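Down below is the structure, laid out as structure tokens.
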Amino acid sequence: AQKVTQAQTEISVVEKEDVTLDCVYETRDTTYYLFWYKQPPSGELVFLIRRNSFDEQNEISGRYSWNFQKSTSSFNFTITASQVVDSAVYFCALSDPLWAGSYQLTFGKGTKLSVIP
Amino acid sequence: DGGITQSPKYLFRKEGQNVTLSCEQNLNHDAMYWYRQDPGQGLRLIYYSQIVNDFQKGDIAEGYSVSREKKESFPLTVTSAQKNPTAFYLCASLGQGATQPQHFGDGTRLSIL
């Protein structure tokens, strides 16, 4: 069975601090996607990144960076110089194996990030 | 603009009543999904459909029903058998081959009167 664990339920940081959100996943398959989504207070899910299990290169997009380590089944997300607008719930998600073709997602329970001005 | 429209944004259900949540997409996506979100919880899959006139149960399908008569539409009915329907419901769609990630609607918040 697939599982995604986001051990940090809530995090509070002061504006301009860096913060890392942890994600650990479990799967028996070798081909899958990993995702991060942001859910602001308004409720919609905003896509941030998708990673193919074959691509372990770290990625940076502006103040956001992601560290994918297959050896430890982790896909951590770092926000540099956090801003109040970053306050949201962040979800990590794991897809079904790509051979299955259903692309169902298993979500973690989310980490609520509060950035204090 | 292409996207997913969920309606209504807020919905109230009386005891013993069935209610239907609407999800329409104009992205020409083949697959559509319904998720339920409870406070402090991640999203859990209720039903999904990969093609018109076909759908599959997800992890928590009991008390829900769906139909997929048109590619653009995937309505979810919350039946009276669902004893704890208060939640935030999100609809998503996905294009063929999953070259893009799942695209989500803005959600419907369902409450019991």
Side-chain angles (χ1 to χ4, degrees), chain A residues 1-11 21-26 31-53 59 61 66 75 88-113, chain B residues 1 3-11 21 23 25 27 29-51 54-61 87-111:
Chain A
Q2 311 236 104
K3 186 177 179 182
V4 176
T5 302
Q6 294 181 254
Q8 304 148 308
T9 306
E10 293 193 40
I11 299 176
L21 310 182
D22 297 332
C23 173
V24 174
Y25 62 94
E26 295 176 28
T31 60
Y32 49 86
Y33 286 122
L34 291 162
F35 301 79
W36 276 96
Y37 284 89
K38 173 182 180 180
Q39 187 177 44
S42 49
E44 75 275 18
L45 245 63
V46 178
F47 166 76
L48 295 178
I49 190 170
R50 180 177 73 173
R51 213 68 179 140
N52 187 306
S53 55
E59 181 156 341
S61 176
W66 291 269
F75 187 44
V89 180
Y90 291 86
F91 291 100
C92 180
L94 168 68
S95 76
D96 272 3
L98 301 188
W99 57 260
S102 63
Y103 304 107
Q104 291 180 56
L105 297 183
T106 299
F107 283 82
K109 293 188 177 181
T111 297
K112 182 178 180 180
L113 174 64
Chain B
D1 279 355
I4 298 179
T5 301
Q6 288 189 242
S7 61
K9 194 172 179 68
Y10 299 96
L11 186 58
L21 284 60
C23 178
Q25 54 100 357
L27 299 164
H29 284 173
D30 292 306
M32 297 186 74
Y33 307 79
W34 274 106
Y35 293 91
R36 169 180 170 139
Q37 184 181 13
D38 293 283
Q41 301 292 317
L43 281 66
R44 292 180 292 167
L45 183 67
I46 306 172
Y47 268 99
Y48 69 100
S49 167
Q50 293 182 276
I51 196 169
D54 186 53
F55 46 83
Q56 307 295 327
K57 291 182 179 180
D59 300 321
I60 54 166
F88 187 54
Y89 292 86
L90 282 156
C91 178
S93 70
L94 184 67
Q96 192 174 25
T99 54
Q100 297 293 324
Q102 283 189 17
H103 188 105
F104 283 83
D106 288 345
T108 293
R109 197 166 297 278
L110 175 62
S111 302

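The model shown is predicted, which means the values in this text are computed figures rather than measured ones. Reminder, nothing fancy here: chain letters follow the sequence lines and each chain counts from 1.
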Exercise for the section: Mind checking the CD-CZ spacing from B:Q102 to A:F47? Nearest 0.5 Å is all I need. Expected result: 11.0 Å

Handout entry: Heavy-atom proximity to chain B below 4.5 Å, by part of A:Q39
Key = side chain

Practice task
Taking the side chain as every heavy atom from C-beta outward, state whether B:Y33 and A:L105 have any pair of such atoms under 4.5 Å apart.
Solution key: no

Fill in the blank from the handout: CG of A:L45 to CG of B:D106, rounded to nearest 0.5 Å, is 10.0 Å

Problem - Distance in Å, A:Y37 OH paired with B:L90 CG, rounded so as to fall on 0.5 Å steps - result: 11.0 Å

Exercise for the section: Could you tell me whether A:K112 atom NZ has more than 12 heavy atoms of other residues or ligands within 6.0 Å of it? Expected result: no

Practice task
Could you tell me whether the side chain of A:Q6 and the main chain of B:G42 form a donor-acceptor pair under 3.5 Å?
Solution key: no

Handout entry: Evaluation steps, side-chain hydrogen bond (donor to acceptor under 3.5 Å, both in side chains), between A:Q104 and B:Y48
Key = CA-CA 8 Å; A:Q104 291 180 56; B:Y48 69 100; 3.2 Å; yes

Problem - Interchain contact, B:Q50 with chain A, by part (heavy-atom threshold 4.5 Å) - result: side chain

Practice task
Using side-chain contact (heavy atoms from CB on, under 4.5 Å) as the criterion, list what pairs up with A:T9, not counting sequence neighbours.
Solution key: none

Exercise for the section: Among B:R44, B:Q56, B:Q37, single out the residue with the greatest number of heavy-atom pairs under 4.5 Å to chain A. Expected result: B:Q37

Practice task
Examine whether an atom of B:L43 lies under 4.5 Å from a heavy atom of chain A, and if so say whether it belongs to the side chain, the backbone or both; otherwise answer neither.
Solution key: both

